[in-house]
Student: 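Take a look at the following structure, please.
Letters A, B, ... mirror the listed sequences (proteins, then strands); counts begin at 1.
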There are 2 protein chains.
Amino acid sequence: MKIGQVSDKSGLPTKTIRYYESIGLIAPAGRTAAGYRAYDKNDLETLKFIQRARSLGFSIQEVSALLMLWNDRNRASAQVKELAKRHVEEIDRKVAELQSMKETLSTLIDKCHGDDRPNCPILNDLANAR
Amino acid sequence: MKIGQVSDKSGLPTKTIRYYESIGLIAPAGRTAAGYRAYDKNDLETLKFIQRARSLGFSIQEVSALLMLWNDRNRASAQVKELAKRHVEEIDRKVAELQSMKETLSTLIDKCHGDDRPNCPILNDLANAR
DNA sequence: ACTTGACCTTCCCATTACTGGAAGCTCCAT
DNA sequence: ATGGAGCTTCCAGTAATGGGAAGGTCAAGT
């Protein structure tokens with residue numbers, strides 16, 4: 001398979017696949033006589049794995065760790081679980097931060113008339129600490 | 001005031017203040033005879049405004065728009081409200097995405113024994129589409 | 001045989017919002 | 001006068017791509 005095909009099947013842009021190779025996340029692909037990257041089923045599975053892990057918000061660093069664990073037949077599942085749990089905690093932190101922002105903003109938005117008049121509690125609040 | 005002092009009072013690192021100047025978010029600061037940046041109360045208020053807007057998750061682009069609205073005595077509050085509402089929608093989208101990730105991950109984590117044995121539903125799921 | 005167009009290659013730059021560090025100047029206190 | 005804190009500029013790096021140029025390759029259509 002050429003890069004465009006694994007791109008279609010994995011859902012990763014060709015640019016991204018080359019990037020993953022350049023940073024060492026995946027091993028350099030084989031090449032055809034013409035210099036085109038050549039992928040086999042195994043490579044495709046790896047790319048799909050990466051795509052799914054990324055879609056769950058794992059960083060490239062974390063994906064790298066997951067790939068190693070995936071390729072280690074004897075790793076303890078506790079290691080994977082630990083990694084995943086830390087990631088969920090990270091997600092929780094982000095959600096909490098976003099929701100705190102939203103709360104503040106929603107309050108301000110409710111107080112703002114939103115008409116032609118210039119007076120605006122949103123700007124007033126940003127201008128003055130509370 | 002020199003940059004270190006407005007930094008302390010605004011909560012923005014000196015690096016960041018210089019960066020904001022370099023990208024044109026704030027006007028170039030005045031200078032002392034020695035070439036140090038000099039700020040007045042007004043500048044400080046602007047920096048505080050920026051800091052608060054950033055802490056609510058507004059992008060620099062949005063902060064720039066907010067600053068213009070703030071400096072426009074005659075703008076309609078509707079414009080500000082609109083900008084804020086769109087930002088809240090953006091936050092909602094991010095929260096939804098994060099929570100969807102979290103849900104998937106939590107399910108997988110629950111299914112994983114997390115002991116010394118290698119079998120791990122988390123990796124299995126990442127490896128096989130479902 | 002030739003050309004077109006879709007792929008492929010590498011390379012470099014841009015993005016967002018900073019952060020770190022080096023080399024060097026200034027100011028203030030001892 | 002010497003030391004250290006704070007200031008200056010400039011360069012480079014971060015995460016994870018995306019855009020686009022310049023050029024090679026391949027299969028199909030004329």
Side-chain angles (χ1 to χ4, degrees), chain A residues 1-26 28-40 43-44 46-47 49-67 87 90-91 93-94 97-98 101, chain B residues 1-26 28-40 43-44 46-47 49-67 87 90-91 93-94 97-98 101:
Chain A
M1 270 178 296
K2 282 180 290 183
I3 200 168
Q5 284 164 312
V6 286
S7 167
D8 288 344
K9 292 185 184 173
S10 68
L12 292 169
T14 60
K15 279 273 190 191
T16 300
I17 297 172
R18 291 193 199 97
Y19 169 70
Y20 287 166
E21 183 181 314
S22 81
I23 60 169
L25 179 64
I26 54 179
R31 299 290 179 134
T32 67
Y36 288 11
R37 282 175 183 78
Y39 299 89
D40 61 23
D43 298 328
L44 177 57
T46 301
L47 289 171
F49 181 100
I50 293 171
Q51 192 279 326
R52 289 187 206 112
R54 292 285 298 130
S55 77
L56 288 177
F58 287 103
S59 70
I60 297 232
Q61 285 274 343
E62 289 168 327
V63 172
S64 179
L66 286 170
L67 279 173
H87 181 47
E90 184 63 31
I91 291 176
R93 267 191 294 280
K94 284 184 189 162
E97 193 186 350
L98 288 170
M101 290 175 183
Chain B
M1 268 178 296
K2 282 181 290 181
I3 199 167
Q5 285 163 312
V6 288
S7 167
D8 287 345
K9 293 186 184 174
S10 68
L12 293 168
T14 60
K15 278 274 191 191
T16 299
I17 297 172
R18 290 194 200 98
Y19 169 69
Y20 287 165
E21 183 181 313
S22 82
I23 60 169
L25 179 63
I26 54 179
R31 297 292 177 131
T32 67
Y36 286 12
R37 284 176 181 79
Y39 298 90
D40 60 22
D43 298 329
L44 176 57
T46 301
L47 289 170
F49 182 99
I50 293 171
Q51 193 280 325
R52 289 187 207 113
R54 290 286 300 131
S55 78
L56 288 177
F58 287 102
S59 71
I60 299 239
Q61 285 274 343
E62 289 168 327
V63 173
S64 179
L66 286 170
L67 279 175
H87 181 47
E90 185 63 32
I91 291 177
R93 266 191 294 280
K94 284 185 189 162
E97 193 186 350
L98 288 170
M101 290 176 184

Student: Which donor-acceptor pairs under 3.5 Å do side chains of residues 28-40 of chain A form with protein atoms, sequence neighbours excluded?
Tutor:
| residue | atom | partner | partner atom | Å |
| --- | --- | --- | --- | --- |
| Arg31(A) | NH1 | Gly35(A) | O | 2.8 |
| Thr32(A) | OG1 | Ala34(A) | N | 3.3 |
| Thr32(A) | OG1 | Gly35(A) | N | 3.4 |
| Thr32(A) | OG1 | Tyr36(A) | N | 3.1 |
| Arg37(A) | NE | Glu21(A) | OE1 | 3.0 |
| Asp40(A) | OD1 | Asn42(A) | N | 3.0 |
| Asp40(A) | OD1 | Asp43(A) | N | 2.8 |

Student: Can you give the first and last nucleotides of DNA chain D, 5' to 3', that have an atom under 4.0 Å from a heavy atom of chain B?
Tutor: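 It runs dG6(D) to dC10(D).
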Student: Kindly compute the distance separating CD1 (Ile26(B)) from OG1 (Thr46(B)), expressed to the nearest 0.5 Å.
Tutor: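 So the CD1 of Ile26(B) and the OG1 of Thr46(B) are separated by 8.0 Å.
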Student: What residues form a side-chain contact (heavy atoms from CB on, under 4.5 Å) with Phe49(A), not counting sequence neighbours?
Tutor: Leu66(A), Leu67(A), Trp70(A), Leu123(B), Leu126(B), Ala127(B)
Student: With a 4.0 Å cutoff (strictly under), does any side-chain N or O of Arg54(B) reach OP1 or OP2 of dC18(C)?
Tutor: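 Arg54(B) to dC18(C) OP1/OP2: side-chain N or O found under 4.0 Å.
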Student: What contact category does Arg18(A) fall into here, base, sugar-phosphate, or nothing, at under 4.0 angstrom with non-hydrogen atoms?
Tutor: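 Base contact.
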Student: For the helix from dA1(C)-dT30(D) to dT30(C)-dA1(D), figure out the bend between the end axes, five pairs an end, and round to 10 degrees.
Tutor: 20°
Student: Please, which pairs that meet side-chain hydrogen bond (donor to acceptor under 3.5 Å, both in side chains) have at least one residue in residues 1-13 of chain A, sequence neighbours excluded?
Tutor: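 Checked against side-chain hydrogen bond (donor to acceptor under 3.5 Å, both in side chains) - neighbours excluded - no pair reaches residues 1-13 of chain A.
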Student: Apply salt bridge (Lys or Arg N to Asp or Glu O under 4.0 Å) to Arg93(A) and list each qualifying residue two or more places apart in sequence or on a separate chain.
Tutor: Glu90(A)
Student: For the CZ atom of Arg54(B) and the CG atom of Leu47(B), what is their distance to the nearest 0.5 Å?
Tutor: 13.5 Å
Student: Please round to the nearest 0.5 Å and tell me the distance separating atom NZ of Lys15(A) and atom CD1 of Ile17(A).
Tutor: 12.5 Å
Student: 5'-most contact on DNA chain C: Phe58(B) or Thr32(B), nearest heavy atom basis?
Tutor: Phe58(B)
Student: Can you build the contact string for nucleotides 19-24 of chain C? Use B for base contact, S for sugar-phosphate-only contact, and - for no protein heavy atom under 4.0 Å.
Tutor: SBB---
Student: Within the 4.0 Å heavy-atom criterion, would you say Ser59(A) contacts the bases, only the backbone, or no part of the nucleic acid?
Tutor: sugar-phosphate
Student: Which sits closer to the 5' end of DNA chain D, Ala34(A) or Tyr36(B), going by the nucleotide each is nearest to?
Tutor: Tyr36(B)
Student: Can you name the closest pair of heavy atoms from Thr14(B) and Ile3(B) and give their distance?
Tutor: O-CD1, 3.8 Å
Student: Of all residues at least two apart in sequence or in a different chain, which pass the ring-ring contact (aromatic ring centres under 6.0 Å, His included) check with Phe58(B)?
Tutor: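 Counting only residues at least two positions away or on another chain, Phe58(B) forms a ring-ring contact (aromatic ring centres under 6.0 Å, His included) with His87(B).
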Student: What does Ile23(B) touch in the nucleic acid at a heavy-atom separation under 4.0 angstrom: a base, only the sugar-phosphate, or nothing?
Tutor: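 The residue Ile23(B) makes no contact with any strand.
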Student: List for me each residue that meets side-chain contact (heavy atoms from CB on, under 4.5 Å) alongside Thr16(A), sequence neighbours excluded, and say none if there are none.
Tutor: Leu12(A), Pro13(A), Tyr20(A)
Student: Can you name the residues that form a side-chain contact (heavy atoms from CB on, under 4.5 Å) with Ser55(A), not counting sequence neighbours?
Tutor: Gln51(A)
Student: Could you check how far CE of Met1(B) sits from P of dC27(C), rounded to whole Å?
Tutor: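 To the nearest whole Å, that distance equals 18 Å.
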Student: Side chain of Lys2(A), heavy atoms from C-beta onward: which of dC8(C), dC27(C), dT9(C) has the nearest atom to it?
Tutor: dC8(C)
Student: Closest nucleotide of DNA chain D for Glu21(B) versus for Ser22(A): which of these residues is on the 5' side?
Tutor: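 Mapping each residue to its closest nucleotide by heavy atoms, the 5'-most match is Glu21(B).
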Student: Quick one: Ile17(A) CD1 to dT9(C) C1', roughly how many Å, whole number?
Tutor: 15 Å
Student: Please give, in whole Å, the distance from dA17(C) P to Leu47(B) CG?
Tutor: 17 Å
